[in-house]
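Since the structure comes first, as structure tokens, the remarks are kept for the end.
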Amino acid sequence: MDDLIQLSSEKIAEYRAQLADYPNSIAALDVIEEWDGDLADAAESLATRNGIEGVEDNADLRWFVIVLKQCRDSICQPRYETLREKYLPAIIPPLTDIIAGCFMCPPGVAGLIATPVAIYISEAGMDKFCQNSTNS
């Protein structure tokens, strides 16, 4: 999970079309665009802008990587297997719940952060993302 993902402007436009009915996702895509498609920088910026503490505290491990690991531990469980078929936008609500619970943030903020996490999973592929859970 050290290979963080950066989206092209074309890819951002594709996600905008796919997530057009999700206002939090569109707001998150605006921030992803501000950060030139860098999902980690965008997620960390969304967290900081919305009062989540500890984003800059860990010099050894990026906050976004910590979020990915927390989400992976939950989302890769068998009960979410059906999401592997078509996971965007279906994966965003469970990710929102996971992020809200793990990081004690309001659901609206968690919903913003869930979008770059969901896009990361979409780009990496759910199977590959979940395989990494045995490697860490």
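Just so you know, these numbers use all the heavy atoms, side chains as well, and skip hydrogens, waters and symmetry mates. Residues take their numbers from the sequence shown, with the count starting at 1.
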Show every donor-acceptor pair shorter than 3.5 Å between a side-chain atom in residues 93-118 and any protein atom, with sequence neighbours excluded, or say none if there are none.
from: T96; atom 1: OG1; to: I92; atom 2: O; distance (Å): 2.8
from: T115; atom 1: OG1; to: S25; atom 2: OG; distance (Å): 3.0

Please list every donor-acceptor pair under 3.5 Å in which a side-chain atom of residues 33-40 meets a protein atom from a residue at least two apart or in another chain.
from: E33; atom 1: OE1; to: R16; atom 2: NH2; distance (Å): 2.9
from: E34; atom 1: OE1; to: R49; atom 2: NH2; distance (Å): 2.5
from: W35; atom 1: NE1; to: S45; atom 2: OG; distance (Å): 3.3
from: D38; atom 1: OD1; to: A40; atom 2: N; distance (Å): 3.0
from: D38; atom 1: OD1; to: D41; atom 2: N; distance (Å): 2.8

Atom [atom1] of [X] and atom [atom2] of [Y]: how far apart are they, to the nearest 0.5 Å?
{"X": "S74", "Y": "R79", "atom1": "OG", "atom2": "CZ", "answer": "7.0 Å"}
{"X": "L61", "Y": "L68", "atom1": "CG", "atom2": "CG", "answer": "9.5 Å"}
{"X": "I121", "Y": "C130", "atom1": "CD1", "atom2": "SG", "answer": "7.5 Å"}
{"X": "Q131", "Y": "K128", "atom1": "CD", "atom2": "NZ", "answer": "9.0 Å"}

Q70: side-chain hydrogen bond (donor to acceptor under 3.5 Å, both in side chains) partners, not counting sequence neighbours: none

If the condition is side-chain hydrogen bond (donor to acceptor under 3.5 Å, both in side chains), which residues does S8 pass it with, not counting sequence neighbours? E10

Which atom names give the shortest non-hydrogen contact between F129 and C76, and what distance separates them? CD2-SG, 4.0 Å

Considering non-hydrogen atoms only, spot the tightest contact between Y22 and P89 and give its length. OH-CG, 3.3 Å

So, do L7 and E123 sit near enough that their side-chain heavy atoms are less than 4.5 Å apart? yes

Please enumerate all residues that pass side chain to side chain contact (heavy atoms under 4.5 Å, CB included) together with Q18, with sequence neighbours excluded. Y15, L88

For E53, salt bridge (Lys or Arg N to Asp or Glu O under 4.0 Å) partners two or more places apart: none

For the pair E56 and E44, evaluate side chain to side chain contact (heavy atoms under 4.5 Å, CB included) and give the outcome as yes or no after the intermediate values. CA-CA 8 Å; E56 314 253 336; E44 291 168 0; 5.8 Å; no

